[in-house]
Each structure stands twice: as structure tokens, then as C-alpha cells.
Amino acid sequence: MSGRKLFVGGNWKMNLTVAEAHALTRAVASGLAGRGQVEVAVFPSFVHLAEVGSVLHKVPGNIVKLGAQDFYTQANGAFTGEVSLAQLKDLGVQVVLAGHSERRHVLGESDGLVNAKVRAALAAGLEVILCVGEKLEQREAGMTDQINVAQTVYGLAGVGRTQMAKITIAYEPVWAIGTGKNATPQDAQQAHVAIRRALAALYDETVAAATRIQYGGSMKGSNARELIAQKDVDGGLIGGPRSRPRSSWPL
Ligand code: PGA
């Protein structure tokens, strides 16, 4: 037993109506009643945070954390279209994603911005899930560990040892996200070990052993059990299908 509590996140991306988000929140909360052995967070779209938060607020025991998919690093000001950490906290958000591959590769976020977001969220007292993962061509070129370690090291630059208690890493191979193709449990385990070694090198063995590393990328009911059975897989970050082929996206 690793002693790390399993952590499962639901990344709802740019999906659902208010009514659907409300219904899904209720379904998640009622499905989890009495299952305290797993930590759960949901990441609705910004426009549904208040509604989802109001449903979660009524659920006894704070069993599902409210999460946000993104945020801006600045406290306030003239940043049209952006959302601040203070605004998210005001709605009850406890945990945020940073470095999700759709933000890195579709919206063009750099390692520098991802790191600035990680540090801003920690400074605001929030928990962070830092997402890392290789593209297909990087995997085929044998660069999987190199990419994951680099994204981990860049993402955590300036993050102190004690702040690591608020960090979860999500290993999400880009080629597996929303494609129906998941990493094999063995491939996931290998990638997680490489990330955990990087944490040991950056901090120490204690931090490395305590930090949770989720797997994400087409995790579903039929494969979750064997992925999570791997020694270094501490839960999952679960999204949903793509609505359109990525090649037709505007950016
Ligand atoms: P997926 O997405 O489960 O649809 O592959 C995971 C994620 O993007 O976090």
C-alpha cells in the first residue's frame, strides 16, 4: 500500500447545459455517498461553477470538491474574457487544473505560463492538478519520459517542498485524450515511475512517495480498475469524447 488516497477528477471540458451540469453533479454526489476511500473533484465549465457549487454545497461531508479547468494569473484588472483565482475562490473552487494538453496544444500555453499558473494558484491557497503528457510523435521517437519529466520540472519551478502537499500530477498522454485509445497499464506505470523519480530528484523521496499521480486519457469503467491497480497510478482524470476532429479546430 502506498498510503496515497486515490484521487479521481471529472473534467467536463466545454460540455453540458446548466440543467445537465446540475443533474450530473447530483448523480456524482449520490453515487459517491458512503465511499470515503476516494477523493473526487469535478471541473465544470466556468459558466456552470456557481450552479454545480450550489448543488455540492448541499451534499453532506464535502465529498466532491469543486474544481476549475483554467484561470488567469493576475489578481484582477483589464483582462477581457479571463477569470481570476479570487473569483473562483469566491464561488467555492478548491482545486484547479494547470497545463492540460488542450490548453498547451490547442490554446498554445507555454511551459512558462503553466508554471506561472501553478505558482499563482498555490499562492492563492488552492490545490493544483498539473497535467503533463507526450504527443504521439514524441512517444514514437522514444521521448515519453523526457517530455513528462521536462513538463514536470518546468511546471514545478519555484514550488517549495511544503507546497507539494497541494500538488497532484496528472499523466495524460496527448494521443490518448478523447481518442478511446488508452495507455496500457504497463505504459502508464512506467511513465508514472519516471515522473515520480523526477519528483525525488527535485525534492526528495518523501515528497515523491506522497505526491499523487493520476492517469488521464480514455480512462473509463472498462479499464479504470487495471490502470488504478498499478502501483504508481493514484487515480484518474476523466474527460469525455471530442465533439469534432481536432484538425478542424480553429486554432
Ligand atoms: P478523456 O480526457 O478521458 O476524454 O481522454 C481526459 C482529460 O482530458 O483530462
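Both ligands and their constituent atoms are indexed starting at 1 by order of listing.
Of the listed residues (His100, Lys117, Arg104), just one forms a side-chain hydrogen bond (donor to acceptor under 3.5 Å, both in side chains) with Glu109, and that residue is Lys117. Here the rule is side-chain hydrogen bond (donor to acceptor under 3.5 Å, both in side chains) with Asp234, and of Arg196, Lys5, Gln214 only Arg196 fits it.
Between Asp145 and Arg197, no side-chain nitrogen of the basic residue sits less than 4.0 Å from a carboxylate oxygen of the acidic one, so the salt-bridge criterion is not met.
The atoms of ligand 1 that sit less than 4.0 Å from any heavy atom of Ala176 are 5 (O). Applying the 4.0 Å criterion to heavy atoms of His100 picks out, from ligand 1, the atoms 7 (C), 8 (O), 9 (O). Set against the non-hydrogen atoms of Ile177, the atoms of ligand 1 under 4.0 Å away are 2 (O), 5 (O), 8 (O). Listed by atom number, the atoms of ligand 1 under 4.0 Å from Ile238 heavy atoms are 3 (O). Near Gly239, meaning under 4.0 Å from any of its heavy atoms, are these atoms of ligand 1: 1 (P), 2 (O), 3 (O), 4 (O), 6 (C). Below 4.0 Å from some heavy atom of Ser218 lie the following atoms of ligand 1, by number and element: 1 (P), 3 (O), 5 (O). Each of the atoms 1 (P), 4 (O), 5 (O) of ligand 1 lies under 4.0 Å from some heavy atom of Gly178. Per-residue contacts place Glu172 under 4.0 angstrom from the following atoms of ligand 1 (heavy atoms of the residue considered): 6 (C), 7 (C), 8 (O), 9 (O).
Under the 4.5 Å side-chain heavy-atom criterion for Ile, Leu, Val, Met, Phe, Trp and Tyr, Val38 and Val28 are members of the same hydrophobic cluster.
Ring pair His192/Tyr171 is perpendicular by interplanar angle, where above 60° counts as perpendicular and below 30° as parallel.
With a 4.0 Å heavy-atom cut-off, ligand 1 is reached by the backbone of Leu237 and by its side chain too.
Looking at every heavy atom in both residues, Ala194 comes nearest to Val149 through O-CG2, 3.8 Å.
Gln69 places a side-chain N or O within donor-acceptor distance of the main-chain N or O of Phe43, the cut-off being under 3.5 Å.
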